[in-house]
Amino acid sequence: MGISEEKASLRTRYRRERSERYLEHSFEHLADSQEFHKAKVVASYISYADEPDTTALNLALIKRGKILLLPRIAGKDLEWVRWDGEQSQISKAKKIAEPKGQAVTELGDVEVIVVPALRIDRCGYRLGQGGGYYDRSLPLFSAFSIGLIHPDEISSEDLPREPWDIPLHAAATPDLVIRFQR
(Lines give C-alpha, C1' and ligand atoms only; values in the text may rest on other atoms or scores of the structure.)
Protein backbone atom coordinates (compact mmCIF):
# COMPACT_ATOMS: atom_id res chain seq x y z
CA MET A 1 0.00 0.00 0.00
CA GLY A 2 1.39 3.41 -1.00
CA ILE A 3 1.38 6.48 1.25
CA SER A 4 -1.66 8.00 -0.51
CA GLU A 5 -3.69 4.83 0.00
CA GLU A 6 -2.54 4.57 3.61
CA LYS A 7 -3.61 8.17 4.26
CA ALA A 8 -7.00 7.55 2.62
CA SER A 9 -7.56 4.48 4.79
CA LEU A 10 -6.60 6.37 7.95
CA ARG A 11 -8.91 9.27 7.02
CA THR A 12 -11.85 6.89 6.73
CA ARG A 13 -11.04 5.32 10.09
CA TYR A 14 -10.41 8.65 11.87
CA ARG A 15 -13.60 10.24 10.49
CA ARG A 16 -15.62 7.26 11.72
CA GLU A 17 -13.98 7.39 15.16
CA ARG A 18 -14.53 11.14 15.38
CA SER A 19 -18.21 10.86 14.49
CA GLU A 20 -18.71 8.10 17.07
CA ARG A 21 -17.08 10.08 19.89
CA TYR A 22 -17.76 13.70 19.02
CA LEU A 23 -18.35 16.04 21.93
CA GLU A 24 -18.60 19.78 21.52
CA HIS A 25 -15.75 21.67 23.15
CA SER A 26 -14.63 25.28 23.20
CA PHE A 27 -11.19 26.37 22.06
CA GLU A 28 -11.70 29.95 23.22
CA HIS A 29 -8.95 29.49 25.82
CA LEU A 30 -6.37 29.63 23.02
CA ALA A 31 -7.01 33.35 22.59
CA ASP A 32 -5.17 33.81 25.91
CA SER A 33 -2.17 31.63 25.06
CA GLN A 34 1.16 33.38 24.53
CA GLU A 35 1.27 33.08 20.73
CA PHE A 36 -2.29 34.37 20.23
CA HIS A 37 -1.95 37.06 22.89
CA LYS A 38 0.96 38.80 21.16
CA ALA A 39 -0.27 38.28 17.58
CA LYS A 40 -1.95 41.10 15.70
CA VAL A 41 -3.03 39.02 12.67
CA VAL A 42 -4.39 35.47 12.96
CA ALA A 43 -5.55 33.11 10.21
CA SER A 44 -8.17 30.59 11.33
CA TYR A 45 -11.00 28.67 9.68
CA ILE A 46 -14.73 28.04 10.04
CA SER A 47 -15.25 24.56 11.40
CA TYR A 48 -18.05 22.29 10.24
CA ALA A 49 -19.69 19.00 11.24
CA ASP A 50 -17.70 17.28 13.99
CA GLU A 51 -14.49 19.26 13.57
CA PRO A 52 -13.28 21.05 16.71
CA ASP A 53 -15.49 24.14 16.91
CA THR A 54 -13.70 27.39 16.02
CA THR A 55 -16.69 29.69 16.57
CA ALA A 56 -15.88 30.89 20.10
CA LEU A 57 -12.15 31.17 19.34
CA ASN A 58 -12.69 33.24 16.19
CA LEU A 59 -15.08 35.62 17.97
CA ALA A 60 -12.78 35.91 21.00
CA LEU A 61 -9.88 36.87 18.73
CA ILE A 62 -11.95 39.59 17.07
CA LYS A 63 -13.14 40.83 20.48
CA ARG A 64 -9.49 41.12 21.57
CA GLY A 65 -8.79 43.37 18.57
CA LYS A 66 -7.01 40.82 16.37
CA ILE A 67 -7.28 40.95 12.60
CA LEU A 68 -8.83 37.59 11.67
CA LEU A 69 -8.42 36.01 8.25
CA LEU A 70 -10.57 33.09 7.15
CA PRO A 71 -10.04 30.87 4.10
CA ARG A 72 -12.19 30.19 1.11
CA ILE A 73 -11.57 27.78 -1.69
CA ALA A 74 -10.32 29.30 -4.94
CA GLY A 75 -9.76 26.50 -7.43
CA LYS A 76 -7.15 24.19 -5.88
CA ASP A 77 -5.94 26.77 -3.38
CA LEU A 78 -7.14 28.77 -0.42
CA GLU A 79 -7.46 32.51 -0.43
CA TRP A 80 -7.78 34.49 2.78
CA VAL A 81 -10.40 37.12 3.62
CA ARG A 82 -10.54 39.44 6.62
CA TRP A 83 -13.63 38.78 8.75
CA ASP A 84 -15.04 41.10 11.41
CA GLY A 85 -17.46 38.65 13.02
CA GLU A 86 -20.49 39.70 10.96
CA GLN A 87 -22.49 36.59 10.02
CA SER A 88 -23.89 38.28 6.90
CA GLN A 89 -20.33 38.16 5.51
CA ILE A 90 -20.33 34.35 5.55
CA SER A 91 -21.74 32.26 2.72
CA LYS A 92 -22.34 28.54 2.78
CA ALA A 93 -21.63 26.23 -0.16
CA LYS A 94 -22.73 22.68 0.66
CA LYS A 95 -21.33 22.02 4.15
CA ILE A 96 -18.50 24.56 4.07
CA ALA A 97 -18.95 28.15 5.24
CA GLU A 98 -16.66 30.75 3.71
CA PRO A 99 -16.13 34.49 4.10
CA LYS A 100 -17.30 36.96 1.48
CA GLY A 101 -15.21 39.93 0.41
CA GLN A 102 -11.88 40.86 -1.07
CA ALA A 103 -9.04 38.38 -0.65
CA VAL A 104 -5.94 39.54 1.19
CA THR A 105 -2.88 39.37 -1.05
CA GLU A 106 -0.17 39.80 1.61
CA LEU A 107 0.09 37.00 4.18
CA GLY A 108 3.43 38.04 5.69
CA ASP A 109 1.72 39.81 8.60
CA VAL A 110 -0.01 36.62 9.79
CA GLU A 111 1.59 35.60 13.09
CA VAL A 112 -0.57 32.56 13.95
CA ILE A 113 -2.42 30.15 11.69
CA VAL A 114 -5.03 27.75 13.05
CA VAL A 115 -5.22 24.55 11.02
CA PRO A 116 -7.83 21.76 10.93
CA ALA A 117 -6.68 18.17 11.40
CA LEU A 118 -8.10 14.69 11.84
CA ARG A 119 -4.98 13.56 13.73
CA ILE A 120 -1.62 15.02 14.67
CA ASP A 121 1.37 12.91 15.57
CA ARG A 122 3.97 13.55 18.27
CA CYS A 123 6.27 15.29 15.73
CA GLY A 124 3.60 17.76 14.63
CA TYR A 125 2.64 16.15 11.33
CA ARG A 126 -1.08 16.27 10.62
CA LEU A 127 -3.53 14.25 8.63
CA GLY A 128 -6.13 16.54 7.11
CA GLN A 129 -9.29 15.89 5.14
CA GLY A 130 -7.36 15.06 1.97
CA GLY A 131 -7.95 18.04 -0.30
CA GLY A 132 -4.37 19.29 0.00
CA TYR A 133 -5.48 22.89 0.56
CA TYR A 134 -3.41 23.37 3.71
CA ASP A 135 -0.46 21.46 2.25
CA ARG A 136 -0.39 24.13 -0.47
CA SER A 137 -1.14 27.04 1.90
CA LEU A 138 1.19 26.40 4.85
CA PRO A 139 4.39 27.13 2.86
CA LEU A 140 3.01 30.65 2.21
CA PHE A 141 3.08 31.45 5.93
CA SER A 142 6.00 32.01 8.28
CA ALA A 143 3.52 32.02 11.16
CA PHE A 144 3.21 29.86 14.26
CA SER A 145 0.96 26.98 13.16
CA ILE A 146 -1.41 25.17 15.51
CA GLY A 147 -3.79 22.32 14.71
CA LEU A 148 -7.09 21.83 16.55
CA ILE A 149 -8.03 18.30 17.55
CA HIS A 150 -10.31 16.52 19.98
CA PRO A 151 -8.66 15.12 23.15
CA ASP A 152 -8.03 11.63 21.81
CA GLU A 153 -6.65 12.65 18.42
CA ILE A 154 -2.93 12.93 19.19
CA SER A 155 -1.25 9.92 17.63
CA SER A 156 1.57 8.17 19.47
CA GLU A 157 2.55 6.60 16.15
CA ASP A 158 4.01 8.56 13.28
CA LEU A 159 1.46 9.42 10.61
CA PRO A 160 2.36 8.67 6.98
CA ARG A 161 4.27 11.57 5.43
CA GLU A 162 4.87 12.82 1.95
CA PRO A 163 7.56 15.30 0.86
CA TRP A 164 5.14 18.25 0.93
CA ASP A 165 3.86 17.59 4.46
CA ILE A 166 4.90 20.32 6.88
CA PRO A 167 4.92 19.78 10.64
CA LEU A 168 2.91 22.15 12.80
CA HIS A 169 4.40 24.08 15.71
CA ALA A 170 1.66 22.93 18.09
CA ALA A 171 -1.56 20.99 18.59
CA ALA A 172 -4.43 22.10 20.80
CA THR A 173 -7.13 20.12 22.50
CA PRO A 174 -9.86 21.72 24.61
CA ASP A 175 -7.61 21.29 27.66
CA LEU A 176 -4.03 21.79 26.57
CA VAL A 177 -1.54 23.03 24.02
CA ILE A 178 1.26 20.70 22.95
CA ARG A 179 4.24 22.51 21.42
CA PHE A 180 6.51 20.43 19.19
CA GLN A 181 10.30 20.59 18.91
CA ARG A 182 11.31 21.80 15.47
Side-chain angles (χ1 to χ4, degrees), residues 1-18 21-23 25-54 57-58 60-61 66 68-71 76-78 80 107-182:
M1 180 184 312
I3 292 176
S4 294
E5 292 84 11
E6 186 179 359
K7 283 183 168 184
S9 176
L10 286 173
R11 278 187 194 95
T12 300
R13 178 178 140 207
Y14 294 156
R15 285 182 187 125
R16 184 186 68 248
E17 289 174 2
R18 181 178 268 182
R21 297 185 252 178
Y22 175 74
L23 291 174
H25 296 96
S26 174
F27 286 80
E28 185 175 358
H29 68 91
L30 289 178
D32 295 320
S33 70
Q34 63 186 11
E35 293 85 5
F36 285 85
H37 182 72
K38 64 183 179 181
K40 291 178 178 68
V41 183
V42 176
S44 186
Y45 65 98
I46 301 170
S47 56
Y48 70 94
D50 51 15
E51 287 183 328
D53 191 351
T54 58
L57 172 61
N58 290 344
L61 292 169
K66 311 297 180 188
L68 182 67
L69 304 180
L70 298 175
K76 290 186 172 238
D77 295 311
L78 295 177
W80 299 84
L107 299 174
D109 292 338
V110 175
E111 296 161 276
V112 175
I113 179 169
V114 181
V115 181
L118 283 168
R119 282 289 195 286
I120 300 174
D121 71 18
R122 61 184 175 233
C123 297
Y125 286 92
R126 65 183 271 282
L127 184 68
Q129 295 288 354
Y133 295 104
Y134 282 88
D135 293 326
R136 289 185 289 279
S137 285
L138 283 172
L140 304 175
F141 293 89
S142 59
F144 177 83
S145 56
I146 185 166
L148 300 188
I149 53 175
H150 294 293
D152 58 350
E153 294 178 344
I154 277 282
S155 177
S156 60
E157 296 179 17
D158 290 346
L159 293 169
R161 299 177 191 156
E162 295 181 271
W164 53 81
D165 290 328
I166 297 173
L168 302 176
H169 293 98
T173 71
D175 301 317
L176 65 127
V177 175
I178 302 162
R179 290 172 179 80
F180 303 110
Q181 297 292 333
R182 292 190 60 194

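Not one N or O on the side chain of His25 forms a donor-acceptor pair closer than 3.5 Å with the backbone of Asp175. Remark: side-chain polar atoms of Ser33 are not paired, donor with acceptor, to backbone N or O of His29 under 3.5 angstrom. Glu111 contributes a side-chain N or O that, together with a main-chain N or O of Val41, makes up a donor-acceptor pair within less than 3.5 Å. Judged by distance alone, with hydrogens and angles left aside, the side-chain atoms of Lys7 form no donor-acceptor pair with the main-chain N or O of Gly130 at under 3.5 Å. Of the possible polar contacts, one joining the Lys66 side chain to the Phe36 backbone as a donor-acceptor pair under 3.5 Å is found. Judged purely by atom type and a 3.5 angstrom limit, Arg126 has no side-chain atom pairing as donor or acceptor with the backbone of Leu118. Side-chain atoms of Asp135 do not come within 3.5 Å of backbone N or O of Trp164 as any donor-acceptor pair. Formation of a donor-acceptor pair under 3.5 Å by the His169 side chain with backbone atoms of Ser145 is found in this model.
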Take Leu148 and Leu30 through the side-chain contact (heavy atoms from CB on, under 4.5 Å) test and state the conclusion after the steps. CA-CA 10 Å; Leu148 300 188; Leu30 289 178; 3.5 Å; yes
Let's go through Asn58 and Val114 carefully: what are the C-alpha distance in whole Å and the side-chain angles of both, what is the deciding distance for side-chain contact (heavy atoms from CB on, under 4.5 Å) to 0.1 Å, and is it a yes or a no? CA-CA 10 Å; Asn58 290 344; Val114 181; 6.0 Å; no
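Contact record, Phe144 with Ala170: CZ-CB, 3.5 Å, taken as the closest heavy-atom pair. Nearest heavy-atom pair, Ala143 versus Ile113, reported as atom, atom and distance to 0.1 Å: CB-N, 4.2 Å. The minimum heavy-atom distance between Gln129 and Arg15, with the atom names listed, is O-NH2, 2.6 Å. What you find for Leu127 and Leu10 is that their closest heavy atoms are CD2-CB, 3.7 Å. Shown here for Arg119 and Glu153, the closest heavy-atom pair between the two residues is CD-O, 3.1 Å. Here the closest heavy-atom approach between residue Gly128 and residue Arg11 is recorded as O-NE, 2.8 Å.
The CZ atom of Arg161 sits 13.0 Å away from atom CD1 of Ile166, with the distance rounded to the nearest 0.5 Å. Note: Leu159 CG to Ile3 CD1 = 11.5 Å, rounded to the nearest 0.5 Å. To the nearest 0.5 Å, atoms OG1 (Thr173) and CD1 (Ile178) are separated by 6.0 Å. We find the CG-OG distance between Leu68 and Ser44 to be 6.0 Å, quoted to the nearest 0.5 Å. From Leu78, atom CG reaches atom CG of Leu69 across 12.0 Å, with rounding to the nearest 0.5 Å. We find the OH-CG distance between Tyr134 and Asp165 to be 15.5 Å, quoted to the nearest 0.5 Å.
Both cation-pi conditions hold for Arg136 and Tyr133: the charged atom is under 6.0 angstrom from the six-membered ring centre and inside a 45 degree cone around its axis.
Within the structure, no pair that satisfies the salt bridge (Lys or Arg N to Asp or Glu O under 4.0 Å) test touches residues 137-149, not counting sequence neighbours.
Contact check for Leu168 versus Leu138: side-chain heavy atoms found under the 4.5 Å cut-off.
In this structure, the ring pair (Phe, Tyr, Trp, His ring centres under 6.0 Å) partners of Phe141, at least two apart in sequence or on a different chain, are Trp80. Under the rule for a side chain to side chain contact (heavy atoms under 4.5 Å, CB included), the partners of Ser47 that lie at least two apart in sequence or sit in another chain are Tyr45, Glu51, Asp53, Thr54.
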